[in-house]
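The figures here come from the full heavy-atom set of this structure, side chains too, leaving out hydrogens, waters and symmetry mates.
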Amino acid sequence: MRRAISLVAKSEELLGGRFTDDAVLHLALFFAILSRRTQDGCHIEMDEPTLSGLQVSKIWPIAAYVGRHLGRDTKTTWKPADVGEVAMEMLAAPRNEILPGELERNNEFSTLIDQLMEYITQAFDIPKMKHDRTLQNGLLNNIVPACYRQRFQLWFPVSLNSTALPKGYEREHEVAEDLARMV
C-alpha cells in the first residue's frame with residue numbers, strides 16, 4: 001500500500017492536479033489489488049474501442065507509468081487492458097481541482113457545467129451565481145469523475161459520494177436532484 005500511495009502522489013504530480021484524500025486511498029487500494037491480480041495472472045479484459053480511446057488519451061502515459069512501476073516491483077508484465085483500467089480509475093477519481101486541460105479535451109463537460117450553472121442561477125434567482133468560480137469548480141471536480149464512473153461502469157464507495165442535507169434545505173435538495181437528473 002505504501003508503494004501504491006506513492007504512485008498515486010506521483011500520478012498527481014504528473015497530471016498537474018490533486019485527487020481528494022478519499023480518492024487517493026481508493027486509488028492506492030485499487031493499484032495494490034490490481035498489482036496482486038496481475039501477479040496471479042488475472043488480467044483485465046477490455047473491449048477494443050474503450051482501450052483504443054484510453055490509449056490516445058493524455059492520461060495513458062501516466063497510467064502506463066503506474067503499471068510499469070507496479071509490474072517492476074512484482075516482476076510481472078502488465079497488459080494494455082490492465083493499464084487501461086488504471087487510466088479509467090484515475091479519470092473517475094474525484095479531484096480537489098480540475099486537471100489542467102481537461103475541459104479543452106472534452107467540450108461535453110464544459111457545455112454540461114454551463115447548463116448546470118445556468119439552472120442553479122435560475123433556480124435560486126441569483127444572477128451573480130452564474131459566475132461563481134467556487135461553485136463551478138466544485139461541480140467540475142465531482143461531476144466530471146462521476147461521468148467517467150458512469151461511462152466506464154466503475155464502482156466507487158457509496159460512503160464517499162453520499163451526503164445528507166439537514167432538515168430545512170428542501171429547496172437545495174430539490175435542485176440537487178434536478179442537477180443529478182440533468183447529468
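- Residues Phe31 and Ile5 fail the side-chain proximity criterion, which asks for heavy atoms closer than 4.5 Å.
- Between Arg181 and Asp178 there is a salt bridge, since at least one side-chain N of the basic residue sits less than 4.0 Å from a carboxylate O of the acidic one.
- Other residues, nucleotides and ligands contribute over 12 non-hydrogen atoms within 6.0 Å of the CD atom of Glu118.
- Using modelled atom types, one side-chain atom of Asn141 and one backbone atom of Asn96 make a donor-acceptor pair closer than 3.5 Å.
- Gln115 is not listed as a side-chain neighbour of Leu179, based on a closest heavy-atom distance of 4.5 Å or more.
- Under a hydrophobic-cluster definition in which Ile, Leu, Val, Met, Phe, Trp and Tyr are linked whenever side-chain heavy atoms come within less than 4.5 Å, directly or via other members, Val144 and Met182 are assigned to the same cluster.
- In terms of modelled atom types and a separation under 3.5 Å, the side chain of Arg171 and the main chain of Ala123 share a donor-acceptor contact.
- The closest donor-acceptor contact from the side chain of Gln136 to the backbone of Met117 lies at 3.5 Å or more, if one exists at all.
- Ion pair Lys128/Asp132 not flagged as a salt bridge, since none of the NZ, NE, NH1 or NH2 atoms sits closer than 4.0 Å to an Asp/Glu carboxylate oxygen.
- Side chain of Arg149 to backbone of Ala92: a donor-acceptor contact under 3.5 angstrom is found.
- A donor atom on one side chain and an acceptor atom on the other are found under 3.5 Å apart for Thr50 and Asp47.
- Applying the 6.0 Å contact sphere to CD of Glu177 captures more than 12 heavy atoms from other residues, nucleotides or ligands.
- Leu139 and Ile126 end up in the same hydrophobic cluster when Ile, Leu, Val, Met, Phe, Trp and Tyr side chains are linked at under 4.5 Å.
- Here the side chain of Ser35 pairs no donor or acceptor atom with the backbone of Ala32 at under 3.5 angstrom.
- No donor-acceptor pair under 3.5 Å is formed between the side chain of Asp82 and the backbone N or O of His43.
- Aromatic ring centres of Tyr119 and Phe124: separated by at least 6.0 Å.
- Not a single donor-acceptor pair under 3.5 Å links the side chain of Arg133 to the backbone N or O of His131.
- Using a 4.5 Å cut-off on side-chain heavy atoms (C-beta onward), Asp22 and His26 make no contact.
- When atom types are taken as modelled, the side chain of Thr121 and the backbone of Lys130 share a donor-acceptor pair closer than 3.5 angstrom.
- Between Tyr148 and Phe109, the ring planes lie perpendicular to each other; the angle is over 60°, past the 30° to 60° tilted range.
- By the criterion of side-chain heavy atoms lying less than 4.5 angstrom apart, applied directly or through intervening Ile, Leu, Val, Met, Phe, Trp or Tyr residues, Tyr65 is grouped together with Leu27 in one hydrophobic cluster.
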